[in-house]
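Chain letters run A, B, ... following the sequence lines, proteins first, then strands; residues in each count from 1.
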Amino acid sequence: MDTALYESLKNAGTDVGAALERVMGNETLFLRLLKKFSADTNFEELKKALSEGETETAFAKSHSLKGMTGNLSMTALYELFSRQTEFLRGGDLSSGASLMSEIEPLYEKIRDIVSTI
Amino acid sequence: MDPIKKPDSGNLHLPRTILIIDDDELNRMILSNIFSDTYSILEAENGEVGIELLVRELTDIAAILLDVMMPVTDGIRFLERIRELGWNGGIPVFLITAESDTSVLSRAYALGVMDTIAKPVIPYMVRKRVDSVVELFMARKSLRSRVEEQQQQINEQARRIIDLNQGMIEALSTAVEFRSAESGSHVRRIHDITKLLLLKTELGVGMSYETIEMIATSAIMHDIGKIAIPDAILNKPGRLTSEEFEIMKTHTVRGGEFLERIPQLRELPGFKYAHDIALQHHERYDGRGYPNGLKGDEIPIWSQVVSLADVYDALVNERVYKRAYSFDEAVKMINNGECGCFGPALLAAFKVAEPEMRALYSENPSEEK
């Protein structure tokens, strides 16, 4: 068990215990999921869609990120993406975009942690 | 083996594959991990691929785990499509969704989903809910297949009883015919010719197959009354005296009486046919037959048919009192009224069916002829 990694994830708002439960204690699978998260491009695509005013694409990307962070029990991020998804579903692009100031630093932080795997 | 663990499935094919349809790879990995210890897993990244896999692996799929929001073909569209393809809920579908939109959920339920499971999933809950439903469906399926199996056994028994009945009737009739040196094949041919004339020509229009089969079986017993005729008359090589012929003619009335006296026969749905045929198979269309001198269509069609079948078979085979005629001779003699007298409808049907009647004789070349 990689305690240092888990500790950093916890500090970045991840419920590691819940995440491990979701994979039924299969740590290898958990690490594979984290690697998938780290290689995922949805976040860059979300930023692009928001800047180009593509509300529908932004919604799809945000929705995917919500699902992914939910599965990994990245609770803080998950809640932010959930709020963003609802704004975008309702067509409110600017509120969705303004959430990025909270989302981006947290997302980058977690991505940095995970990139060490 | 623990008896409560697994229901005995016999040879029944039970599906053990879970089809996961979700565009999110992480979700598929997590769901797959939950089930992969006891199920095979198939994964599809959208509804379109899901349909392909479902059609290909149909009989192996125990349950479908379905995401709602997907590109190409989403969850709702997937449900609509498989309904169009004939899915009727026989494979349980679970909606795995973060969707809180109740209009989507109610649409999904209306389309026949079994249950919805919220994302992010809680593994033991997903597992428990899917397992319960899969077991229920399997138990139902194995019960249904057992009922079908039992139904087959019942049908088989019914068929054997019918065969036995038919066999008894044939045995009895053959025993009677045997006294006049007839073989069992005469009885069989009367059956076959009668059936052929009713099944393949206008004569049987409006009769069910069961009725035709009943008439054909009844035809077997047409000469049953000969049991009451003394050997000396029955097997007399020369010409019968008029007294002897009068006695010979009574085999018709005696046949009818005989059938009336056997309660099991009297209660058969085909009794009326058997009785008519035994009594009337020597009546003639011109009214010059016996015992009652019935004329034209006073003689029921089944009696007319058996009468013709009997004459035809007698002509083309050798008898103590005559040689065997060729098929062509027999046809001529029947048509020009040299032997018997038949109605125009029956003769028309005879013309249609005669080639096939003729073929019946070549099927058993070792017998008679």
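For Tyr78(A), the part lying under 4.5 angstrom from a heavy atom of chain B is the side chain only. Looking at Asp24(B), only its side chain comes within 4.5 Å of chain A, counting heavy atoms on both sides. Looking at Leu29(A), only its side chain comes within 4.5 Å of chain B, counting heavy atoms on both sides. Contacts between Asn26(A) and chain B at a heavy-atom distance below 4.5 Å involve the side chain alone, from C-beta outward.
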Taking it one step at a time, do Glu104(A) and Lys47(A) satisfy salt bridge (Lys or Arg N to Asp or Glu O under 4.0 Å)? CA-CA 9 Å; Glu104(A) 195 155 6; Lys47(A) 284 203 289 188; 2.8 Å; yes
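The choice from Val126(B), Ile122(B), Ile34(B) that makes the most heavy-atom pairs within less than 4.5 Å of chain A is Ile34(B).
In this pair, Phe43(A) and Tyr107(A) present their aromatic rings parallel. The plane angle is below 30°, not in the 30 to 60° band.
Closest approach of Gly50(B) to Phe78(B), counting heavy atoms only: C-CE1, 3.8 Å.
Atom CD of Glu57(B) has more than 12 heavy atoms from other residues, nucleotides or ligands within 6.0 Å.
In this structure, Arg89(A) forms no cation-pi arrangement with Phe59(A), as its terminal cationic atom is not both closer than 6.0 Å to the ring centre and no more than 45° off the ring axis.
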